[in-house]
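One structure is given here, and the rest of the page talks about it.
Index from 1, following the sequence. Only heavy atoms go into these numbers, but all of them, side chains included; no hydrogens, no water, no symmetry mates. First listed ligand is number 1; within each ligand, the first listed atom is number 1.
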Amino acid sequence: MQSSFALYPDLADKRVVVTGGASGIGAAFVEAFAAQGAKVSFLDIADADGLALQDKLKTTKHPATFIHCDLTDLDALAQVFRAIEASTGATEILVNNAANDVRHNMADITRAQWDASVAVNLQHLYFCSQAVVPAMCAAGGGVILNLGSISWHLALPNLTLYMMAKAGIEAMTRGMARDFGPSNIRVNCIIPGAIKTPKQTLMWHTPEAEAKIFNGQCLKVRVEPEDVANMALFLASKSAAKCTGREYYIDAGYYGDGA
Ligand SMILES: NC(=O)c1ccc[n+]([C@@H]2O[C@H](COP(=O)([O-])OP(=O)(O)OC[C@H]3O[C@@H](n4cnc5c(N)ncnc54)[C@H](O)[C@@H]3O)[C@@H](O)[C@H]2O)c1
């Protein structure tokens, strides 16, 4: 398979799980790790996208495996991780990627919507990590990558619930890095800027919106899912062996509107 990604030989044959891997940035993670020769399992509720990606990657060294899993269902999540461990072995690299950045107004939010936002944007990162940490400890180490967001650093409008979760993910990253560092588990947070994914394009990524983003970025370039995947490959590899408990931005220097 032809790859546009940097190559990290130590990632070959690694057992990788990507959550929300069927589309967007998650799909780029799946492709990037598969291109390294890693054994990738990816979890998602988007069955059509997941199966299409699985089909696209069927000729990689280890064909990537799509597994349907609603990550807000903690029993299903635990069962899926047990099944992965039983069939392919313990997870060595976990990419906690799935999220849902629904715009909202505070006045409309019910208790149920609050819980749903926490469930899809924060809770599963903790419980997916809980599922893989024991085997990582037993194996002498592992890597967990959590997806944060530039959004709360910029204080974007109508995204409070999502931004709260993303801020929590940075704290979770530091807490887990502290607790599991002695077991050689590295935990880092990747913070994407404005990434042009299929969903963002449908929702709002017009040429006018992109011009506004460029105005806020130091580099006047579009940041693509593959750019985020390259950061993930580096952080998962031995090249980042001394990197843990930190946030890594991939955002073309997105500080805001530059005015
Ligand atoms: N795109 C951006 O500009 C951007 C910016 C900052 C941060 N991020 C973060 O990067 C990550 C990926 O973003 P994206 O833009 O690719 O998102 P996306 O919405 O395009 O994709 C998210 C994936 O997660 C899956 N998913 C959603 N709910 C799920 C559930 N309950 N169970 C299983 N899977 C579920 C979706 O089906 C989808 O495949 C997210 O954590 C997001 O917050 C993205």
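Enclosure of atom CD in Q113 by more than 12 non-hydrogen atoms of other residues, nucleotides or ligands within 6.0 angstrom is indicated.
Using a 4.5 Å cut-off on side-chain heavy atoms (C-beta onward), E31 and L57 make contact.
For ligand 1, the 4.0 Å heavy-atom shell takes in G20, S23, G24, I25, D44, I45, A46, C69, D70, L71, T72, N97, A98, A99, V120, L147, G148, S149, Y162, K166, P192, G193, A194, I195, T197, K199, Q200, ordered by chain and residue number.
Closest non-hydrogen pair, M136 versus L94, comes out as CE-N, 4.2 Å.
The one candidate from I84, V16, V133, V143 that meets the side chain to side chain contact (heavy atoms under 4.5 Å, CB included) condition with T91 is I84. Partner H153 forms a side chain to side chain donor-acceptor pair (under 3.5 Å) with one of Y254, Y255, Y249 and no other, that one being Y249.
S129 and N96 share a side-chain donor-acceptor pair at under 3.5 Å.
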